[in-house]
Amino acid sequence: MKIKIAAAILLAGSLMYWACGAESLIVASSEQETPRQTTASGELHYKAPEGWVTEHPSSSMRVAQYKLPKAEGDREDASLVLYYFGATQGGSAQANIDRWISQIQQPDGGSSKEKAKTDTINVNGLKVTTVDVAGTYAAEMAPGSSEHDNDAGYRLRAAVIETPKGNYFVKLVGSAKTVHRWEQSFTDYMKSFQFK
């Protein structure tokens, strides 16, 4: 009988200890989450230029998606996507610029990094880092895929927009001729960014 009572007391004590321990784990977990949440209120606002075709975003990470009609003689339209992954998601501006540059290969085997034009500008109080590089577009067809695009004569223009809510990412890719056709529109689009 004494053994049963001792076992019951030990079991009850273990359960209380486990319950208290689990509660502290939950509190610790929620405390760790707090710094990742953003207190910024507002959204990134922008204006799509005339002539761009608005498409339904194909994933929840795409804030906006556009088709830029092909230039005469080109076989495909260009594509522009505005991404937002979350307040602390998506990586730094430099990491994205480097990744985008790596998606373009030079026909002569040279360095795309040397040929890429990068810039940092201020747009309505927002820091915007841009990249412009041409060559053969060789990005993964899907994240983690072993299959890659192999589109010669392409141009990639992209940007990281730093906002109080986290980074937004713009990526325009298409035939160099078509991207050139929409050059001024792309510049106007970039200048339209406002966070409010």
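M190 approaches V123 most closely through the heavy-atom pair O-CG1, 3.2 Å. In this structure, A159 and V128 approach most closely via the heavy-atom pair CB-CG1, 4.0 Å. Closest approach of L126 and P164 over heavy atoms only: CD2-CD, 4.4 Å. The shortest non-hydrogen separation linking A116 to V131 is CB-CG2, 4.1 Å.
Connection of Y168 to I97 is not established within any shared hydrophobic cluster, with ILVMFWY side chains joined at heavy-atom distances below 4.5 Å, either directly or through further cluster members. Both V63 and L172 are part of a single hydrophobic cluster, where members link through side-chain heavy atoms under 4.5 Å apart. Hydrophobic clustering, with ILVMFWY side chains joined whenever heavy atoms are under 4.5 angstrom apart, groups V133 together with V160. Two different hydrophobic clusters hold V179 and Y137 under the rule that ILVMFWY side chains link at heavy-atom gaps under 4.5 Å. Under the 4.5 Å side-chain heavy-atom criterion for grouping Ile, Leu, Val, Met, Phe, Trp and Tyr, Y66 is not connected to Y154 through any hydrophobic cluster.
Under 3.5 Å, the side chains of S112 and Q106 contain a donor-acceptor pair of N or O atoms. Under 3.5 Å, the side chains of T130 and D119 contain no donor-acceptor pair of N or O atoms.
Taking NZ from K177 and CH2 from W182, the interatomic distance works out to 14.0 Å, rounded to the nearest 0.5 Å. We find the OG1-CD distance between T129 and E162 to be 5.5 Å, quoted to the nearest 0.5 Å. Remark: E55 CD to R62 CZ distance equals 9.0 Å, nearest 0.5 Å. Going from atom CZ of F186 over to atom CG of L68 covers 9.5 Å, rounded to the nearest 0.5 Å. Rounding to the nearest 0.5 Å gives a distance of 11.0 Å between OG of S175 and NE2 of H180. Atom NZ of K70 is separated from atom CZ of R181 by 10.5 Å, given to the nearest 0.5 angstrom.
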Verdict with supporting geometry, R157 and E183, salt bridge (Lys or Arg N to Asp or Glu O under 4.0 Å): CA-CA 10 Å; R157 296 199 67 188; E183 186 106 33; 3.0 Å; yes
Derivation and outcome, side-chain contact (heavy atoms from CB on, under 4.5 Å), residues S79 and D77: CA-CA 7 Å; S79 168; D77 301 316; over 6 Å; no
If you apply the rule side-chain contact (heavy atoms from CB on, under 4.5 Å), what do you find for R155 with V173, and how did you get there? CA-CA 6 Å; R155 185 174 170 196; V173 67; over 6 Å; no
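Under the 3.5 Å distance criterion, the side-chain polar atoms of N167 are left unmatched by any main-chain donor or acceptor of T163. Here the side chain of D74 pairs no donor or acceptor atom with the backbone of E76 at under 3.5 angstrom. Checked by atom type and distance alone, the side chain of D132 never pairs as donor or acceptor with a backbone atom of K117 at under 3.5 Å. At least one donor-acceptor pair under 3.5 Å links the side chain of Q65 to the backbone N or O of S58.
Put simply, the side chain of Q94 does not reach to within 4.5 Å of the side chain of R99, judged on heavy atoms.
Ring centers of F169 and Y84: at least 6.0 Å apart, outside the cut-off.
With a 6.0 Å radius and a threshold of 12 heavy atoms from other residues, nucleotides or ligands, K113 has its NZ atom at or below the threshold.
Taking the six-membered ring where tryptophan is involved, the planes of Y189 and F193 are perpendicular, since the angle between them exceeds 60° and thus also 30°.
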Mind listing the side-chain donor-acceptor pairs of residues 43-52 below 3.5 Å, one per line with the distance, residues two or more places apart or on another chain?
| residue | atom | partner | partner atom | Å |
| --- | --- | --- | --- | --- |
| E43 | OE1 | K165 | NZ | 3.0 |
| E43 | OE2 | K165 | NZ | 2.7 |

